[in-house]
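First up is the structure itself, then whatever we jot down about it.
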Amino acid sequence: MIANAATHTFTSIKVTSDTMEPGDVIAIGNVPFRVLDVTEVGRMKAVRFQSGELIYLHPATEVSAVRAIPTQNEPSNHPH
């Protein structure tokens, strides 16, 4: 499912590589990058983006991200 304002609330949060989740969006040089996955590489974390770029982050590095949180009142597919 694609996140949108009807099904999700978008919130700005601070994350580290330990709390970053797939789907989070961070900006690097004012360019948004959507996190595809985060893997451990020694003491660092490799953050791979949907665009194919890869960045290594120290676990203590904190960045701003936008996260889509599913709303509680998602539209149902059941007929009334």
Side-chain angles (χ1 to χ4, degrees):
M1 173 192 290
I2 296 175
N4 63 53
T7 60
H8 291 75
T9 300
F10 296 90
T11 186
S12 179
I13 58 173
K14 297 284 188 183
V15 295
T16 66
S17 58
D18 288 334
T19 60
M20 200 173 285
E21 297 179 2
D24 286 350
V25 176
I26 65 170
I28 301 172
N30 291 326
V31 177
F33 290 89
R34 184 175 307 275
V35 175
L36 184 62
D37 60 33
V38 181
T39 54
E40 197 164 334
V41 180
R43 293 184 49 201
M44 304 293 278
K45 296 284 179 105
V47 181
R48 187 166 51 125
F49 300 104
Q50 282 184 336
S51 60
E53 279 90 356
L54 181 69
I55 189 171
Y56 291 91
L57 293 176
H58 187 277
T61 301
E62 187 176 77
V63 297
S64 295
V66 173
R67 181 170 290 167
I69 310 293
T71 57
Q72 296 298 333
N73 55 355
E74 287 190 31
S76 69
N77 293 331
H78 302 291
H80 294 283

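Numbers for residues simply follow the sequence, beginning at 1.
The minimum heavy-atom distance linking Pro59 with Ser17 is given by the pair CA-OG, 3.4 Å.
Residues that satisfy the side-chain contact (heavy atoms from CB on, under 4.5 Å) test with Pro32, not counting sequence neighbours, are Val25. Taking Glu21 as the reference, Arg67 meet the salt bridge (charged side-chain N to carboxylate O under 4.0 Å, His left out) condition, with sequence neighbours excluded. In this view, Ser64 and Lys14 satisfy the side chain to side chain donor-acceptor pair (under 3.5 Å) rule, not counting sequence neighbours. Judged as a side-chain contact (heavy atoms from CB on, under 4.5 Å), and not counting sequence neighbours, the contacts of Ile28 are Ile26, Phe33, Phe49, Ile55. Residues passing the side chain to side chain donor-acceptor pair (under 3.5 Å) test with Glu53, sequence neighbours excluded: Ser51. Applying the side-chain contact (heavy atoms from CB on, under 4.5 Å) test to Ala27 and every residue at least two apart in sequence or in another chain returns nothing. Take Glu40 and apply the side-chain contact (heavy atoms from CB on, under 4.5 Å) test, not counting sequence neighbours, and it matches Lys45.
Checking Leu57, Val63, Val38 one by one against Val15, the side-chain contact (heavy atoms from CB on, under 4.5 Å) holds for a single residue, Val63.
Residues Val47 and Ile13 share a hydrophobic cluster, clusters being chains of Ile/Leu/Val/Met/Phe/Trp/Tyr side chains in contact below 4.5 Å. The hydrophobic clustering, which links ILVMFWY residues whose side-chain heavy atoms are closer than 4.5 Å, places Val31 and Tyr56 apart.
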